[in-house]
Amino acid sequence: MRTVAVVGASLAGLSAARSLRKQGYDGRLVVIGDELHRPYDRPPLSKEFLAGSLAESDLALEPDAEDLRAQWLLGVRAVGLDGPQRAVRLADDSEVRADGVVIATGAAARTLPGTDGLAGVHTLRTLDDARALRDELTLGGRLVVIGGGFIGAEVASTAYALGLDVTVVEAAPTPLAGPLGETMGTIVSALHADHGVRLLCGVGVKGLSGESRVDAVLLEDGRSVPADIVVVGVGARPCVEWLADSGIELDDGVRCGADGRTSLAGVVAVGDCASWYDPRVGMHRRVEHWTGARERPDAAVTALLAGGAVEPSAPRPPYFWSDQYGVKIQFAGHAAGADSVTIEEGARDARNVLAVYRRSGHPVAVLGMNQPRLFMRWRKQLAAAA
């Protein structure tokens with residue numbers, strides 16, 4: 001290959017570029033990103049950066065001495081891909097022709113309809129999002145977080161520590177039931193009540209009120225929750241619209257094999273936009289976690305450079321972590337399909353549990369709350385068993 005284009009300049013794209021050089025690719029390397037910023041770390045955006053304890057320079061993912069010998073095209077968005085020609089069309093009417101393409105365009109935060117132009121309403125996905133929200137949180141007031149997932153919970157935790165009055169609204173009966181299951185979702189989400197943060201579950205949001213600036217969140221049951229600031233944390237959508245006419249198969253992201261190969265030869269996908277096949281569960285799924293964006297590009301680059309001649313190994317069980325109210329939450333594996341979950345260590349009221357998920361008696365996932373050593377032992381066991 002003479003030219004490889006990496007479309008996406010966040011962690012997954014950077015990891016792919018590094019892997020290309022590490023695996024011996026010495027041709028032309030072009031990295032395309034729609035943000036003007038160099039690659040930065042996203043997990044701290046909802047925690048240390050939002051709290052003001054971490055500077056922007058601390059988010060940088062590239063050490064000063066690193067030189068990938070890449071051409072960086074930043075601040076320009078990919079708008080199309082000519083599949084047969086492997087030509088990436090850009091918003092400035094230019095194009096990048098390549099022999100191989102790595103799709104790493106990530107995901108974008110979902111928004112609430114009708115909130116455009118209403119001051120005080122935020123999503124949190126990018127550095128610019130975090131800057132804007134941080135500036136508002138320093139003013140204090142009443143914050144309503146719509147969505148009780150991990151991003152919403154981390155923002156609520158950070159805002160609580162900053163002294164704001166915080167309410168979390170979650171449409172589902174149990175927050176985090178999707179990734180953690182109902183039993184452990186209940187235990188983890190109880191951290192809100194432990195710290196005096198209001199949690200309203202089982203009720204949807206009808207809309208927001210306010211003329212130029214938001215002043216309340218209107219719930220479907222008729223209640224109104226006063227708000228000076230609103231953070232919408234209702235999930236993310238994969239950024240794949242630009243691939244609509246490329247010939248690449250799309251299905252909740254870019255549909256890939258177990259090694260990141262797409263339906264188009266010479267094109268692989270990694271990161272939040274990639275729906276990899278997982279042989280453990282027999283289905284495709286997107287893994288929107290830091291560890292996946294860091295680890296999986298190695299396999300995808302191997303497949304790209306070898307033209308699919310290398311038999312893929314099963315990806316490691318998904319792993320993610322979250323920090324809320326001083327509690328470190330770690331999870332590995334697949335909770336979906338587990339038929340039991342047991343607390344093996346700690347006490348639920350102390351929020352220091354180690355819980356193991358099993359299917360037909362076999363461990364398939366593990367959750368730790370302030371149990372880092374024991375958790376890591378179980379995580380290694382899961383990986384070895386897989």
*Asks:* Which atoms form the tightest heavy-atom contact between Leu162 and Leu50, and what is the distance?
*Replies:*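 Taking Leu162 first and Leu50 second, the nearest heavy atoms are CD1-O, 4.1 Å.
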*Asks:* Which heavy atom of Asp92 sits nearest a heavy atom of Ser94, and at what distance?
*Replies:*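 Heavy atoms of Asp92 and Ser94 come nearest at OD1-OG, 2.5 Å.
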*Asks:* Rounded to the nearest 0.5 Å, what separation is found between the CH2 atom of Trp321 and the NE2 atom of His289?
*Replies:* 10.5 Å
*Asks:* Does Trp276 reach the main-chain N or O of Val270 with its side chain, forming a donor-acceptor pair under 3.5 Å?
*Replies:* no
*Asks:* Answer yes or no: is there an ion pair linking Glu154 with Arg42, defined by an N-O contact shorter than 4.0 Å?
*Replies:*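 Salt bridge between Glu154 and Arg42, a charged N being under 4.0 Å from a carboxylate O: no.
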*Asks:* Please check if the side chain of Thr105 supplies one atom and the backbone of Cys239 the other of a donor-acceptor pair under 3.5 Å.
*Replies:* yes
*Asks:* So, the side chain of Asp135 versus the backbone of Ala132: is there a donor-acceptor pair under 3.5 Å, distance only?
*Replies:*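 Checking the backbone N and O of Ala132 against the side chain of Asp135, no donor-acceptor pair under 3.5 Å is found.
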*Asks:* Between Ser246 and Leu81, is there a donor-acceptor pair closer than 3.5 Å when you use the side chain of the first and the backbone of the second?
*Replies:* no
*Asks:* Keeping Arg21 on the side-chain end and Arg69 on the backbone end, is there a donor-acceptor pair under 3.5 Å?
*Replies:*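 Side chain of Arg21 to backbone of Arg69: a pair is present.
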*Asks:* Check whether Ser15 reaches the backbone of Leu11 with its side chain - one donor and one acceptor, N or O, closer than 3.5 Å.
*Replies:* yes
*Asks:* Check whether any side-chain N or O of Asn352 sits under 3.5 Å from a backbone N or O of Gly346 as a donor-acceptor pair, and report yes or no.
*Replies:*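 Here the side-chain-to-backbone pair does not exist.
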*Asks:* Are Arg125 and Asp272 within salt-bridge range, i.e. N to O under 4.0 Å?
*Replies:* yes
*Asks:* Does a sphere of radius 6.0 Å around CZ in Arg294 hold more than 12 heavy atoms from other residues, nucleotides or ligands, not counting ones at 6.0 Å or beyond?
*Replies:* no
*Asks:* Do NZ/NE/NH1/NH2 and the carboxylate oxygens of Arg213 and Glu136 come within less than 4.0 Å?
*Replies:* yes
*Asks:* If you measure from CG on Asp58 to CD on Glu48, what distance do you get to the nearest 0.5 Å?
*Replies:*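 Those atoms lie 10.0 Å apart.
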*Asks:* Taking everything shown except Glu95 itself, do over 12 heavy atoms lie less than 6.0 Å from its CD?
*Replies:* yes
*Asks:* Taking everything shown except Glu211 itself, do over 12 heavy atoms lie less than 6.0 Å from its CD?
*Replies:* no
*Asks:* At what distance, to the nearest 0.5 angstrom, does CE of Met184 lie from OG1 of Thr174?
*Replies:*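 Spacing of CE (Met184) from OG1 (Thr174) equals 12.5 Å.
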*Asks:* Return yes when atom CZ of Arg134 has more than 12 non-hydrogen atoms of other residues, nucleotides or ligands closer than 6.0 Å, and no otherwise.
*Replies:*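 Result for CZ/Arg134: enclosed.
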*Asks:* Between Arg86 (side chain) and Ala265 (backbone), is there a donor-acceptor pair under 3.5 Å?
*Replies:* yes
*Asks:* Assess whether a salt bridge exists between Asp339 and Arg359, defined as any Lys/Arg side-chain N lying under 4.0 Å from an Asp/Glu carboxylate O.
*Replies:*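 Here Asp339 does not pair with Arg359 in a salt bridge, since their nearest N and O are not under 4.0 Å apart.
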*Asks:* To the nearest 0.5 Å, what is the distance between CG on Asp41 and CG on Leu127?
*Replies:*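 Nearest 0.5 Å value for the CG-CG distance: 11.5 Å.
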*Asks:* To the nearest 0.5 Å, what is the distance between OG (Ser157) and NZ (Lys47)?
*Replies:*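 That separation rounds to 9.5 Å.
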*Asks:* Please report the shortest heavy-atom distance between Ser224 and Pro226, naming the atom on each side.
*Replies:* O-CD, 3.6 Å
*Asks:* What closest approach, in Å, do Phe331 and Leu367 show between heavy atoms, and which atom pair accounts for it?
*Replies:* CD1-CB, 3.9 Å
*Asks:* Using the ring centroid of each side chain, check whether His192 and Tyr325 are separated by less than 6.0 Å.
*Replies:*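 Ring centroids of His192 and Tyr325 are less than 6.0 Å from each other.
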*Asks:* Do the numbers put Arg38 on top of the ring of Trp72, so that NZ or CZ is under 6.0 Å from the six-membered ring centre and no more than 45° off the axis?
*Replies:*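 Yes, Arg38 and Trp72 form such a contact.
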*Asks:* Using the rule given for salt bridge (Lys or Arg N to Asp or Glu O under 4.0 Å), can you reason through Arg285 versus Asp252, listing the C-alpha separation, both sets of side-chain angles and the distance that settles it, and then say yes or no?
*Replies:* CA-CA 8 Å; Arg285 58 183 297 163; Asp252 186 34; over 6 Å; no
*Asks:* Please give me the minimum heavy-atom distance between Ala78 and Val88, naming the atom from each residue.
*Replies:* CB-CG1, 4.0 Å
*Asks:* Between CD of Glu56 and NE2 of His37, what distance do you get to the nearest 0.5 Å?
*Replies:*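 So the CD of Glu56 and the NE2 of His37 are separated by 7.0 Å.
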*Asks:* Look only at the side chain of Asp278 and the backbone of Met283, and say whether a donor-acceptor pair between them is shorter than 3.5 Å.
*Replies:* no
*Asks:* Nearest heavy-atom pair of Leu59 and Pro44: which atoms, and what distance?
*Replies:*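 Looking at all heavy atoms of both residues, the shortest contact is CD2-CB, 3.8 Å.
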*Asks:* Backbone N or O of Val144 within a donor-acceptor pair of the Thr167 side chain at under 3.5 Å?
*Replies:* no
